[in-house]
Protein chains: 2
Amino acid sequence: MAEAGTGISRSAPATLHDVAREAGVSLATASRSLNGSTRKVNEEYRKRVLEAAARLDYSPNLSAQAVARGTTTTVALLVADIADPYFSSIAAGVVAEADHEHLIVTMAATERDPERELELVRTLRGQRPRVMILAGSRPTADPTEGALGEELRAYERSGGRVVLISRNELDLRTVLVDNFAGAEALARELVGIGYRKFAVITGAEGLRTAADRVEGFRAGLAAAGGTLDDDDVIRDAFTRDGGYDGMRRLLERGPGDVELVFAANDVMGVGALSAIRDAGLTPGTDVAVAGFDDIPTVRDVTPALTTVRVPLEEIGRRALRLALGDADAQAEGAVPTEVVLRESTPGRK
Amino acid sequence: MAEAGTGISRSAPATLHDVAREAGVSLATASRSLNGSTRKVNEEYRKRVLEAAARLDYSPNLSAQAVARGTTTTVALLVADIADPYFSSIAAGVVAEADHEHLIVTMAATERDPERELELVRTLRGQRPRVMILAGSRPTADPTEGALGEELRAYERSGGRVVLISRNELDLRTVLVDNFAGAEALARELVGIGYRKFAVITGAEGLRTAADRVEGFRAGLAAAGGTLDDDDVIRDAFTRDGGYDGMRRLLERGPGDVELVFAANDVMGVGALSAIRDAGLTPGTDVAVAGFDDIPTVRDVTPALTTVRVPLEEIGRRALRLALGDADAQAEGAVPTEVVLRESTPGRK
DNA sequence: ATCAGGCGGGAAAGCGCTATCTGACTGCGG
DNA sequence: CCGCAGTCAGATAGCGCTTTCCCGCCTGAT
């Protein structure tokens, strides 16, 4: 077994064949004892196989099993950016649930590039994952959208399950977050505690999630009596730096009479807080800020950020359950959200 | 091809066989044209194969390739907690570099449980990944350590590559972070700007990374002239809540004369800031705080947290390069760190 | 003309498994 | 005492690929 040269023995991992030989049984019996089968195996034989496997440190080759069985134990997860707390929280949920189902998660990052996303879906299809979860919305008017839909449908036709998170552009299973209702509720509450004049910082035009949040916010204001001028809707990257930048631009336009800025997600909100501070103002007091998502950090910034809680990890879990055909997950509607008022929006009454 | 019943045609994905038939060539030629080979294929044939593949929307079955080639394109990544910014930043680096090398990353979370870690390593070995990256240190005196080492060594013997991140307990390739030097430098700088009396909040005893940071900090103080009483070293969970809790305990002991609290990582530091604030004090002014890692959020908390920058994403990239035998990565020593002074430690001179 | 030698397509032998099929052996009713 | 159904180990035919190996063909040197 030892190879000449290095002196370090380099042995290929034990195969089922090795185990069978070591145990003195047939390949079939070894397979049956080690990896469940409907058939019964004599207790004596099974024991011998298990011992042999332990002795040889046997570990079944998942690729070979996948080929033979025609099905894998893999879940593919696509996110925009792994380091973004929004996505890493979702990912944590997916991984936790996958682990529970004895599935393995493979992960890739689209970097918010639709072309890359398409490319990744193509590559990951090669794995024949049981499930494919796509998180993070893409521009509504994306030229590759058709191709992506085509690709995903082909994947479903071949037995795979696709689940989208918070994006229903494509006609596929989706874990829907009620962005509209959440933002609407937020707007009402903010008006309720005395705010009247609002501005919004959001992502690029056409980002579904962002658009829903802004629309919901608008609807809430309309109903409750707040105002939001069209040119007080600032667009920038859907990231922390985008939030910082958007806020800076807003402030540069002169103080104006904006009382509260709604950032379409928390990372932008956090960036906005910093921009306000860097401009020499006091966030909360001089300009109130609210976000969306309730990522872990927002309770630790100062002032703690008012936001709409989205149960991110639960969404990840639910996405996987939905893909696996869990009846409950199917039945539930959009994921409920909850307004969380904190110090970044002190009451004005 | 269409199945009766549902009316929805459900077709298995095209196989290489299908492509070969469609193109009117042999399996071998199809394989050679689609997935590189040393051998040349007639341009005319190659074209026909490529067209046929496109027409059938062929996607090579990676499991089958893995079985046939005896090698995969998979990288396995183990982290303690995916939602923790420390790990998600590292993961982002690994994924980015993997993508660059056309490798696929599978990810699992140990939840900081050594038994689970061992279990996961066993499972993931079944994938026969080319590389296995373990991030996050484990207790030095862990009973399963021997078993883990055994498992990893067996994996290496079978041709795999293990890389550890910031933990060198096991005799394996490691991306080492110079925790000691970083903390030492931090201590010197803090003494330099006027601090004298310190406390530390760190993780459970025996956590290598945490221990190195505390030791380094101590060494720096010893050299520069600061003091740190033994009972001013608080231990708690190595998480945000652990930091909060540790700080709370420290404050409950009465104000004392501690000027600056060094938290062994940023998430603890952020928790500590919140604890200070919740106790009615002003972090930075009443009690200064410093952390370690420079995770993205720390520049957005108030006061912005003084810390030691660790290039987390770069570490992830480097881990993979190291595993793949990149000469540069081999040659480089420990990852350098850099002290970043911010408002949480205003000068006292 | 002749033949060595490259070239490149196709047949087929695996890769490590699972699942179907085969057949030896049991036990039981008639 | 025969036959028949029921068990369960073992042989074997795949799964979707890659990679020899074989062999016909064309080239070009002799």
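Below, read A as the first sequence line, B as the second, and so on, with proteins coming before strands; counting in each chain starts at 1.
- Partners of B/E51 according to the side-chain contact (heavy atoms from CB on, under 4.5 Å) rule, which considers only residues two or more places apart in sequence or in another chain, are B/K47, B/R55.
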Pairs: protein N or O with nucleotides 6-9 of chain C N or O, under 3.5 Å:
| unit_1 | atom_1 | unit_2 | atom_2 | d |
| --- | --- | --- | --- | --- |
| C/dG9 | OP1 | B/N42 | N | 2.8 |
| C/dG9 | OP2 | B/K40 | O | 3.4 |
| C/dG9 | N7 | B/R39 | NH2 | 2.2 |
| C/dG9 | O6 | B/R39 | NH1 | 2.9 |
| C/dG9 | O6 | B/R39 | NH2 | 3.1 |

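- Atom CD of B/Q127 is separated from atom P of C/dC17 by 14 Å (rounded to the nearest Å).
- A salt bridge is absent between B/R125 and B/E150; no separation between the charged side-chain nitrogens and carboxylate oxygens falls under 4.0 Å.
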Would you check, one step at a time, whether the test side chain to side chain contact (heavy atoms under 4.5 Å, CB included) holds for A/N61 with A/T15? CA-CA 8 Å; A/N61 182 322; A/T15 70; over 6 Å; no
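- No donor-acceptor pair closer than 3.5 Å links the side chain of A/D84 to the backbone N or O of A/D81.
- When the P atom of C/dT20 is taken as reference, atom CG of A/L27 falls 16 Å away, rounded to whole Å.
- The span of DNA chain D lying next to chain B, judged by atoms under 4.0 Å from heavy atoms, is bounded 5' to 3' by D/dG16 to D/dC21.
- Side-chain atoms of A/Y155 come within 3.5 Å of backbone N or O of A/P129 as a donor-acceptor pair.
- Using a 4.0 Å cut-off between charged side-chain N and carboxylate O, B/E43 and B/R48 make no salt bridge.
- Panel note: side chain B/T174, backbone B/L176; no donor-acceptor pair is recorded below 3.5 Å.
- Contacts of A/R318 classified as side chain to side chain donor-acceptor pair (under 3.5 Å), with partners at least two apart in sequence or in another chain: A/E332.
- For DNA chain C, the neighbouring residues in residues 57-74 of chain B, judged by any heavy atom under 4.0 Å, are B/V67, B/A68.
- Here side chain to side chain donor-acceptor pair (under 3.5 Å) pairs that include residues 86-108 of chain A, with residues two or more places apart or in two chains, are A/E97-A/R317, A/D99-B/R116, A/T106-A/Q127.
- The main-chain N or O of A/T29 is found under 3.5 Å from a side-chain atom of A/S33 such that the two form a donor-acceptor pair.
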